[in-house]
Amino acid sequence: MLDIRNIVKQYANHRALDDVSLFVPEGQIFGLLGPNGAGKTSLIRIINQITAPDAGEIFFQGEPLQPKHISRIGYLPEERGLYKKMEIGEQMIYLAQLKGLPKEEAKKKIKYWFEKLQIESWWKKKVEDLSKGMQQKVQFVATVLHEPELIILDEPFSGFDPVNAQIIQEEILELNKKGATIIYSTHRMESVEELCDQIALINKSKKILDGAVKEIKASHKNQTYKLSYTAKDSAELLQSNNELYNILDQTEDDGEHTAKIQISSSYNLNDVLSFLIPQININQILEIVPSMNDIFIEQVTNIKKF
Amino acid sequence: MNKISLIIQREYLSRVRKKSFLLVTFLVPVFFIALYAGIFYLTKKSFEDTHATVFVLDQQGGIGEQLENNRNITYSKSNVELQEQISEIKGKKDNINILIIPADFYNSKRIELLSSGKPNISTQNEVKSNLTSILQAHQYSELGVDPSIIRDLDSNIRITSKELTETGDTKDSDTRVAMGISIALAFLVYLSLFLYGTQVMRGIIEEKSSRIVEVIISSVKPFQLMMGKIVGIGLVGLTQFLLWVILSAGLLSAASLFMDNSKEMTASVQSAPGMPQADMAETAGGFDLDVALGSIDFPELLICFFLFFLAGYLLYSALFAAVGSAVDNETETNQFMMPITMPLLLAYALSFGVIVNDPHGSIATWLSFIPLTSPIAMLVRIPFDVPLWQIVTSFALLVLGFIFTTWVAARIYRVGILMYGKKVTFKELIKWFNYKR
């Protein structure tokens, strides 16, 4: 869908994007992650042709990105807003027309969406009479109204209560199912694992990580396990064995011990188990898979949490 | 192109449909006409109020008979003693006076005027001038000169200023009317450049602070958004002018019907006996208004007004747009407004003195060529017959100027609208200007 190659964006005294390359596959939900000020918004603005890169190229479905592609992209910016004194219906029509939709068609589609989200009664209302959450809903409709093939959502859930966030999340998934490619930019990881197929992590103007969510998580497993056991000899606790494994953490609850162990890279779980079975009664063993949140923090701060 | 027309449409309709637009459009002419009518009415009323009754106690003799009634004063001979006359009029509210002409009036040239209320200055002057002519007639006859000869002597000089056109013909001309029109034009252009310029600025600040701007510029180019706003608001301005012209024309024609009636009235007063014709001409200003108005080329003026207003508006509103894009709210605009409004203010202030008094002098000519001041300065000069080549050159420079400011403004605008929470300085603006895109 989108092939971003070696993008550089230089502002007067800082480089917002430094040689960033990404590939967004068709029909996926692509998570664009990064802390505040990493360069996500700069990249999104370049994709939306609001600003131009200083170097690098972008291809939209194989073609170099051009103004004609604008009508095929829907963009919900993080800094969003509407004309406060304008009626909602009229405003929606205006925004749709700017995206190239004829007036009558725009009306029909707005009606469809308003019915779907049960906000038909808002048509004649002015934006200033709506709550912030309500405005967000309207804004979401404005973003997807012209049935864009690529939908770019910058922090789409900020400002929503959990109920409405759920509704919007379902709509996003449905749009994706219907074939839209979605770029989901956020610095909050909760929904990333739930929504995204692929992610890219940008930090300090550089892409530091990208790939399928599953693969990234798999590659960040580092042989850490949670082990529950009871001691055979009541006094004896599990000790670290520097060659085989390390104990990172150990707790006890009502006679049952829980240890977090990390296996040395040259051995595997079987080796450790065959070493441990003679010593302790193993009740449960679980592999600790890092969450995207952990990976994010690790990558951004370079501090290992697990 | 289609998108820019959508933006123009929105900017135009959202403003024209506002109640305040209709209010301003209809109330401003009504207000001015009401003001004019009020002044007219009050002047007329105060004029009527000064009518005075004067009882004449003529101790000199032979003078009271010569005093003739006019529209301001009714003279009547006092048939009673002074004390009795005083007790008769004292405490009365109306303008009632007693004129005492002493027995040695011809020598002492003194009179006494007793009033029932505060002595009215215009009544005093009127009585004085009436007695002066009687005294003059007396003095002439003492010298053996026939007063009627003196009356026929007319030393009043009337000046008819004509302008030599290039073909050598003469043309009636009166600079007073040209001056009036010039000053009115200067005021109108100054006010409207300001008014609509700040509307552009406010609109941009509104878009920026409501954060809709990023949504819009993901669909259209920043330049399209800026130009759409400028053109849309410009059209609002033109609509307002057009409605004002139509409305004032309607109101004026209604007023002139009324004025015709009052003219007949004045005419009848004028032909009343005892009113010297020369006085009337003097009070009317001493020139023929119709001829003076006829000497101004109104179609030329109107066309120039629209052209210069439009180009001036485009030039200034681009600058206002740049300011609007650079700030987060209106309170921050002050530091940038100063340099923009200075040339406008300068041209406006100078138009009252320098330009009107010496419309073809070097200062006036230069100001009417510099694009920042020419929308006002040239319009002020035009009623004084500016050569066509100067008008064309000035307009061409103005158009170049507006293309330049729009280019500069667009470069600042595209960066500014996406910048929040920054304390912007001129240095910063130059930096923005130099950004590639």
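Chain naming here is simple, since letters A, B, ... match the order of the sequence lines and numbering starts at 1 in each. All values reported here derive from a predicted model rather than from experimental measurement.
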Name the region of A/Tyr94, side chain, backbone, both or neither, that has any atom closer than 4.5 Å to a heavy atom of chain B.
side chain

Gap separating the OG atom of B/Ser218 from the CD1 atom of A/Ile47, nearest 0.5 angstrom
12.5 Å

Which of these passes side chain to side chain contact (heavy atoms under 4.5 Å, CB included) with B/Ser210: A/Lys85, A/Glu128, A/Lys84?
A/Lys84

Checking A/Glu90 against chain B: side chain, backbone, both or neither under 4.5 Å from a heavy atom?
side chain

Are more than 12 heavy atoms, taken from residues, nucleotides or ligands other than A/Lys108, located less than 6.0 Å from that residue's NZ atom?
no

If you count every heavy atom of other residues, nucleotides or ligands that lies below 6.0 Å from A/Gln66 atom CD, does the total exceed 12?
yes

Could you state the interatomic distance from CG (A/Asp154) to CD (B/Glu214), rounded to the nearest 0.5 Å?
7.5 Å

Are there more than 12 heavy atoms of other residues, nucleotides or ligands under 6.0 Å from atom CZ of B/Phe404?
no

Just checking B/Phe31: does its CZ atom have more than 12 heavy atoms from other residues, nucleotides or ligands closer to it than 6.0 angstrom?
no

Starting at NZ of A/Lys103, measure out to CG of B/Leu6 and round the result to the nearest 0.5 Å.
9.5 Å

Do you know which of A/Tyr11, A/Tyr75, A/Tyr83 has the most heavy-atom pairs with chain B at a distance under 4.5 angstrom?
A/Tyr83

By a 4.5 Å heavy-atom criterion (distance strictly below it), what part of A/Glu87 contacts chain B: side chain, backbone, both, or neither?
neither

Return yes when atom CZ of B/Phe187 has more than 12 non-hydrogen atoms of other residues, nucleotides or ligands closer than 6.0 Å, and no otherwise.
no

Using a 4.5 angstrom heavy-atom cutoff, name the option from B/Lys221, B/Glu206, B/Arg10, B/Gln9 with the most pairs to chain A.
B/Arg10

Would A/Leu98 and B/Ile7 count as a side chain to side chain contact (heavy atoms under 4.5 Å, CB included) if you check the C-alpha gap in whole Å, the side-chain angles of each, and the deciding distance to 0.1 Å?
CA-CA 8 Å; A/Leu98 286 184; B/Ile7 295 169; 4.1 Å; yes

Applying a strict 4.5 Å limit to non-hydrogen atoms, the region of A/Gln139 in contact with chain B is side chain

Shorter than 4.5 Å, heavy atoms on both sides: which option in A/Arg45, A/Gln10, A/Gln97 has the most such pairs with chain B?
A/Arg45

Turns out that what part of B/Val215 lies under 4.5 Å from chain A's heavy atoms comes down to both

